[in-house]
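Let me begin by presenting the structure, written as structure tokens, before commenting on it.
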Amino acid sequence: MADDIGYDSIFKIALIGDASVGKTNLIRKYVDNEFKDESMTTVGFDMKNKILEVDGSRVNLQIWDTAGQERFNSNPQVIFRNSSGVLIVFDVCDKQSFEKIEFWLNLIKENAGENAQIGVIGNKIDLEDHEVTQEEIEESSKKLQVRHFLTSAKTGEGVEKAFYDFTSLLISQNNQEVEISIEENNNQQTISIEKKPEIKAKNGGCC
Ligand code: GDP
């Protein structure tokens, strides 16, 4: 317990994805309840903190925003180091940003720890001309085995839920029960500790 500093646990998460999909505005909306119509260029990396309560536990969520992919590609380890989770953001009105999910996923797998959780956010659902259908999003998430969320940084729809459910997923992963098995062979004991595979997130999570 870290009562004296106001939270019980701390998680570092990062948002990545193509430029202009809405990463900066998603974080702004979630942390400061603000939205800006003009594009804001993130130089290098930016970080905001949010304390939230999940399942009776106070969590300090450290949310890292990343710059456009060109700069970001040059040193991905910096952003992924010690990340508990990464959210890949795409724009539902920009098919190209959706088709890049796998690229970002591979980058995460190459650079983040193996326990880092990965989620996908389809942003800008307030707009009308969607280029990506709900079915395509569901199919892709199933194939890539990641949770997905739909949001609008402009109206705020789905934003709280996406961050809450993702944090809940991080907590449940962190607290996953372990299975301990002891094997005896020729008077030698081998102790194996394995994390149970299923993840129990509160509220079902995804959209
Ligand atoms: P980033 O480059 O991924 O950080 O994207 P920004 O947050 O800078 O947003 C890029 C542009 O998309 C800006 O003009 C935002 O106002 C706009 N934008 C971001 N999120 C949304 C959204 O949910 N709905 C709409 N309509 N516009 C958005």
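Both ligands and their constituent atoms are indexed starting at 1 by order of listing.
Nearest heavy atom pair, residue Leu169 against residue Ser172, reads O-OG, 3.0 Å. Across all their heavy atoms, Lys23 and Asp18 have their closest contact at NZ-O, 2.7 Å. Annotation for Ile101 and Ser140: closest pair CD1-OG, 4.4 Å, computed over non-hydrogen atoms.
Under the salt bridge (charged side-chain N to carboxylate O under 4.0 Å, His left out) criterion, Glu136 pairs with Lys95, not counting sequence neighbours.
Heavy atoms of Asn25 found under 4.0 angstrom from ligand 1 belong to the backbone as well as the side chain. Under 4.0 Å from ligand 1, the heavy atoms of Asp126 that appear belong solely to its side chain.
Heavy-atom proximity to Lys23, at under 4.0 Å, picks out these atoms of ligand 1: 1 (P), 2 (O), 3 (O), 4 (O), 5 (O), 7 (O). Applying the 4.0 Å criterion to heavy atoms of Thr24 picks out, from ligand 1, the atoms 4 (O), 7 (O). Within ligand 1, the atoms closer than 4.0 Å to a non-hydrogen atom of Lys36 are 15 (C), 16 (O), numbered from 1 in the order shown. If you number the atoms of ligand 1 from 1 as listed, the ones under 4.0 Å from a heavy atom of Ser20 come out as 1 (P), 2 (O), 3 (O), 5 (O), 10 (C), 12 (O). Atoms of ligand 1 found under 4.0 Å from any heavy atom of Leu127, numbered from 1 in the order shown, are 26 (N). Those atoms of ligand 1 with a heavy atom of Ser152 less than 4.0 angstrom away are 23 (O).
Only one option out of Leu26, Val159, Val92 pairs with Ile121 in a side-chain contact (heavy atoms from CB on, under 4.5 Å); it is Leu26. Just one of Asn33, Ile27, Val31 meets the side-chain contact (heavy atoms from CB on, under 4.5 Å) condition when paired with Lys29; it is Asn33.
Among the atoms of Ala153, some N or O lies under 3.5 angstrom from an N or O of ligand 1. When only interatomic distances are considered, the shortest N/O to N/O separation between Val21 and ligand 1 falls below 3.5 Å. At a 3.5 angstrom cut-off on N or O pairs, Ala19 does not count as close to ligand 1. Residue Asp65 has no nitrogen or oxygen atom sitting less than 3.5 Å from a nitrogen or oxygen atom of ligand 1, judged on distance alone.
Under the salt bridge (Lys or Arg N to Asp or Glu O under 4.0 Å) criterion, the residue pairs touching residues 117-135 are Asp91-Lys124, with sequence neighbours excluded.
Distances from atom 14 (O) of ligand 1 to the heavy atoms of Asp37, Leu15, Thr155 show the closest one on Asp37.
Counting heavy atoms from C-beta outward, Leu150 and Ile137 have side chains that approach closer than 4.5 Å.
For the pair Lys50 and Phe163, the cation-pi test (distance below 6.0 Å, angle within 45°) is failed.
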